[in-house]
Amino acid sequence: MKVFLAGIMQGSLTEKGLHDQDYRQLLRQALARTFPHAEIYDPLADHRNSLDYEPKTGRDVFFHHNRMCREVDLLVAYVPQASMGTAIEMWEAHQHGAAVVSISPMRHNWAVKFLSHAIYPDVPAFLAALESGEIARLVRRVRSSSPVLETD
C-alpha cells in the first residue's frame, strides 16, 4: 500500500516560510502503526530546504509530487486552512482512484468536500478513525469499487 501525506506547507503566506509542520511526524507515526507494511511518503521529509530550491528544481519537485499522487492507495490531506498544493494533490489522487481523507475544519470548501471520501475536523478525530479501523475499511472500499477517471 502506498500512502501520500499531503498538507499545508506555504498556504497563503505572502512571505517566504512554512506553516508549522509538527503534524507530519504525528500523522506519519500513526499511519505506520496502522499500516506497518505501507510505503508512507512525506514530501517534506526529502525536501526540507525546498523554499531555497532554484526555480527548475522546485518546479520538477512540484510536478513529481503531483504525479506521485496518481499512484497511491491513500492520500491523507491535512488542511486546517486553504492550501493550493494540497488541493492539486487531492485532485490527482481522487481522479486516479485513491482514497482521499482530509483533516480539516473546512468541510464546506468545495475542494475538501468533493475530493474527500472522509473528512475529520481535527487530528484527534482522524487518529480515532485510524485506530478504530475506519480508515482501513474506507481504503479497501474505495480501492475496490471506485472507477478510475483517466484525464490524460
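Just so you know, these numbers use all the heavy atoms, side chains as well, and skip hydrogens, waters and symmetry mates. Numbering of residues begins at 1 and proceeds along the displayed sequence.
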So, does His64 use its side chain to make a donor-acceptor pair with the main chain of Asp60 at under 3.5 Å?
no

For Ala111 and Met90 the tightest heavy-atom approach is O-CE, 3.7 Å

Pair Tyr41 + His65: ring centers closer than 6.0 Å:
yes

May I ask you to decide if Gly7's main-chain N or O and Arg24's side chain share a donor-acceptor pair within less than 3.5 Å?
yes

What pair of heavy atoms forms the shortest contact from Ile119 to Arg107, and how long is it?
O-NH2, 3.5 Å

List the atom of Cys69, the atom of Leu75, and the distance in Å for their closest heavy-atom pair.
SG-CD1, 3.7 Å

Pairwise side-chain contact, Leu31 with Arg28, heavy-atom cut-off 4.5 Å (strictly under)
no

So, taking the atom named OH in Tyr78 and the one named OG in Ser102, what distance separates them when rounded to the nearest 0.5 Å?
12.5 Å

So CD of Glu39 and CE of Met1: to nearest 0.5 Å the spacing works out to 10.5 Å

With the 4.5 Å side-chain cut-off for hydrophobic clustering, are Val79 and Leu138 part of the same group?
no

Would a 4.5 Å heavy-atom cut-off, applied to side chains only, mark Leu130 and Val101 as touching?
no

Interatomic distance, Trp91 atom CH2 to Leu115 atom CG [nearest 0.5 angstrom]:
7.0 Å

If you take all heavy atoms of Ile40 and Ala32, which pair is closest and at what distance?
CD1-N, 3.4 Å

What I want to find out is whether Lys2 reaches Asp73 closely enough, with some N-O distance under 4.0 Å, to be called a salt bridge.
no

What one should report as the nearest heavy-atom pair of Val142 and Gly97 is CG1-O, 3.8 Å

Is a donor on one side and an acceptor on the other found under 3.5 Å between the side chain of Thr86 and the backbone of Ala82?
no

Could you walk me through whether Val76 and Phe126 pass side chain to side chain contact (heavy atoms under 4.5 Å, CB included), step by step?
CA-CA 10 Å; Val76 176; Phe126 170 77; 4.0 Å; yes

First locate atom OG of Ser116, then atom CE of Met106, and finally report the distance between them rounded to the nearest 0.5 Å.
9.5 Å

Within this structure, what is the CG-CZ distance for the pair Leu127 and Arg33, rounded to the nearest 0.5 Å?
7.5 Å

Consider only side-chain heavy atoms of I, L, V, M, F, W and Y, link residues closer than 4.5 Å, and tell whether Leu5 and Leu26 are in one cluster.
yes

Is there a donor-acceptor contact under 3.5 Å from the side chain of His117 to the main chain of Val100?
yes

State the CD1-CG distance between Ile135 and Leu74, to the nearest 0.5 angstrom.
7.0 Å

Has the side chain of Ser132 got a donor or acceptor atom that lies under 3.5 Å from a matching backbone atom of Ala129?
yes

Looking only at heavy atoms, which two atoms of Ala125 and Tyr120 are closest? And how far apart?
O-CD2, 3.8 Å

